[in-house]
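Scroll down for the structure; my scribbles are underneath it.
The sequence lines fix the lettering, A, B, ..., with proteins before strands; numbering per chain opens at 1. This structure is a prediction, so every number in the text was calculated from the model and none was measured.
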Protein chains: 2
Amino acid sequence: MIELFQLEQLAAFGKYGTLSKAAEALHLSQPTLTRSMQKLEAEFGVSLFRHAKNKLEFNENGELAAEHAVRILNQTRDMLELVRAKDRASHTLSFGTCAPVPALILLQNAAQAYPNMAVSTESKDNETLLAGLRNGEYQAIILPYQPEGQDLCWKEYGTETLAFALPPGHPLANRDGLYMRELDGENMLLYADIGFWHELPAQKMPHSRFLIQSDRFAFTELVQSSVLPSFVTDAAMRLYGPPENRKVVPILDPEATVAYYAVCLKQGLHRVKRLF
Amino acid sequence: MIELFQLEQLAAFGKYGTLSKAAEALHLSQPTLTRSMQKLEAEFGVSLFRHAKNKLEFNENGELAAEHAVRILNQTRDMLELVRAKDRASHTLSFGTCAPVPALILLQNAAQAYPNMAVSTESKDNETLLAGLRNGEYQAIILPYQPEGQDLCWKEYGTETLAFALPPGHPLANRDGLYMRELDGENMLLYADIGFWHELPAQKMPHSRFLIQSDRFAFTELVQSSVLPSFVTDAAMRLYGPPENRKVVPILDPEATVAYYAVCLKQGLHRVKRLF
DNA sequence: GCGCATTACGCGAGGCGTAATAATT
DNA sequence: AATTATTACGCCTCGCGTAATGCGC
């Protein structure tokens, strides 16, 4: 039977034009290719080459055969690629999230429930998350609201309430609660990786400027060393503790408290059952 | 690298369900397949099977791999098929003809001009011939008229005149020429393989019945032993000699004389150049 | 003289079979 | 007892490299 290494050699000759170049590219000797091409002709039962004086080139049969060869080789590579990808996917849980805190909790739970799985997570907006869930990119997602859809399973996944973290000297630092509009206009420190929480301050405090810090260390450092107000949430404080040298004042706007839902496809429930 | 014989074994296991059945089908031993499957898993770098008690079966990776394997194997068979077909076509000249006599001459000429080619011919009606020429089915065709078309090459290929072959006792046997209507109503012997020549008698002698003989021997025998009129042509007599025991009377209708044209595509002229 | 194709000869990896073992029906 | 998967061991094919020859720019 004809074999892939022969097709590879055929394709290489088609690509490089001479046996020597092809042999070099394949890390083989020229004699090897001479014999291979002869064997190939024998197995096709057909002449594939024009033998010029000191030059070997395809005839029409050879051209056709080489085209098919590259197609078959590509398909073989695709097969390897796809099977490996499928295997990788079967050992990986991919989550999408609207916010980092519930994602961390989900990651912890997943790592515990599926110790042999690789677990990854990424932040996207809600529509992107749902689309990614439905096209198989995510096995589960975290949404800040209860989803709708016959194809979905969900489970409550905790709540989170936004609060101001004010320097002790701030005029409003002693209040028990604040509405966001009361600080509208003040410039604030904002950590970049907070998912959908970006929306609320931008909407409720249109006159404030937000100094966005993408580096976690820089952010905590600035919170301690500056008098700029910043944000914190109850859930984040449970994970990381309260910010140092700050008064935490809960935000009273109803949108500042959200309930999270872990969501998966009903047809994909088996892959994340232990989390639901 | 992964090889086709491995994919064949993979596909066979997918088809037959057990290593033993697959081994039998491939004329291999079971141990060989055990090792092959292990090697295959190693080369994929991925597990392909569920190892049950005394049963081996694909997991999802294996299913996917086997599907791709059969696709690749089919494509390989197709490649062999197509290349061989192309080669065969390049060693074959296929002609289409409207009548047998010029076809014989064309065959003789082609066999002489292209001694290494296989030559074949078949009779069709004129429209079918032109269509077959244009779709590559024929390298050349014989038409009973001068063709039109920018894409065509042609060459005169002789003439042929139809005649009556009458028994000596026939009342019209001594005439120098006859019109077809003069024998209209008489039943006649007709050889089957005469191409387009079937049209003219049917049209000009609507009241005659034609006793069609598909066997050449039966036809000549009947011509000798019966008093039924039959047809012959000048060109056929040059090939086979005059019919025994018959008076040959040329037909005077102008349609009874045709000029043949050998026709080929301009783009296909190189394949039949020596004939044009 | 250098590059390309081809032939001759020997090596060694690897694919295969046989024999043997184990587990299941 | 029969069937299936698996392991151990040795054979032998066949794909490869090295060396050498022929041929042409």
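Between A:N59 and A:F49, the closest heavy-atom pair is ND2-N, 3.5 Å.
Side-chain proximity of B:N54 to C:dC16, D:dA5, C:dC4: nearest is D:dA5. Closest to the B:P31 side chain, of the nucleotides D:dC16, D:dA8, D:dT18, is D:dA8. Distances from the side chain of B:K21 to the nucleotides D:dG15, C:dA19, D:dT4 place D:dT4 closest. Which of C:dT7, D:dT4, D:dA8 sits closest to the side chain of A:Q38 comes down to C:dT7. The nucleotide whose nearest atom lies closest to any side-chain atom of A:S20 is, among C:dC4, D:dG15, C:dG14, C:dC4. Comparing D:dT6, D:dC16, C:dA5 against the side chain of B:L56 picks out D:dT6 as the nearest. Each of D:dA8, D:dA5, C:dT6 was ranked by its minimum atom distance to the side chain of B:T18; first place goes to D:dA5.
Counting to the nearest Å, the P atom of C:dG15 and the CG atom of A:L4 are 13 Å from each other. Between the CG atom of B:L33 and the P atom of D:dT7 there is a distance of 14 Å, rounded to whole Å. D:dA5 atom C1' lies 13 Å from atom CD of B:E41, rounded to whole Å. Distance, A:L19 CG to C:dA5 C1': 7 Å, rounded to whole Å. Note: NE2 (B:H51) to P (C:dA22) measures 20 Å, nearest angstrom. The interatomic distance linking B:L26 (CG) with C:dG15 (P) rounds to 15 Å, in whole Å. As rounded to whole Å, 12 Å separates atom P of C:dG15 from atom CE of B:M1. Residue A:I2 contributes atom CD1, which lies 15 Å from atom P of D:dC14 at whole-angstrom precision.
For the atom pair CZ (A:R271) and CE (A:M117), the distance works out to 6.0 Å, reported to the nearest 0.5 Å.
Using a 4.0 Å heavy-atom criterion, one finds that A:L28 contacts the sugar-phosphate atoms exclusively. Residue B:Q9 is classed as a sugar-phosphate contact, given heavy-atom separations below 4.0 Å to backbone atoms only.
A:T32 has a side-chain polar atom (N or O) that falls below the 4.0 Å cut-off from OP1 or OP2 of D:dG17. Contact between the side-chain N/O atoms of A:K39 and the OP1/OP2 oxygens of D:dG15 is found at a separation under 4.0 Å. Note on A:S36: a side-chain N or O is less than 4.0 Å away from OP1 or OP2 of D:dC16. Taking side-chain N and O atoms only, B:K55 has no distance below 4.0 Å to OP1 or OP2 of D:dA5.
A donor-acceptor contact shorter than 3.5 Å links the side chain of B:E41 to the backbone of B:L48. Without hydrogens or angle criteria, B:N61 side chain to B:S47 main chain gives a donor-acceptor distance under 3.5 Å. Within the 3.5 Å criterion, the main-chain N or O of A:C98 finds no donor-acceptor partner in the side chain of A:Y260. With hydrogens and angles disregarded, no donor-acceptor distance shorter than 3.5 Å links the side chain of A:K86 to the backbone of B:A65.
Side-chain atoms of A:R35 and base atoms of D:dG17 include a donor and an acceptor less than 3.5 Å apart.
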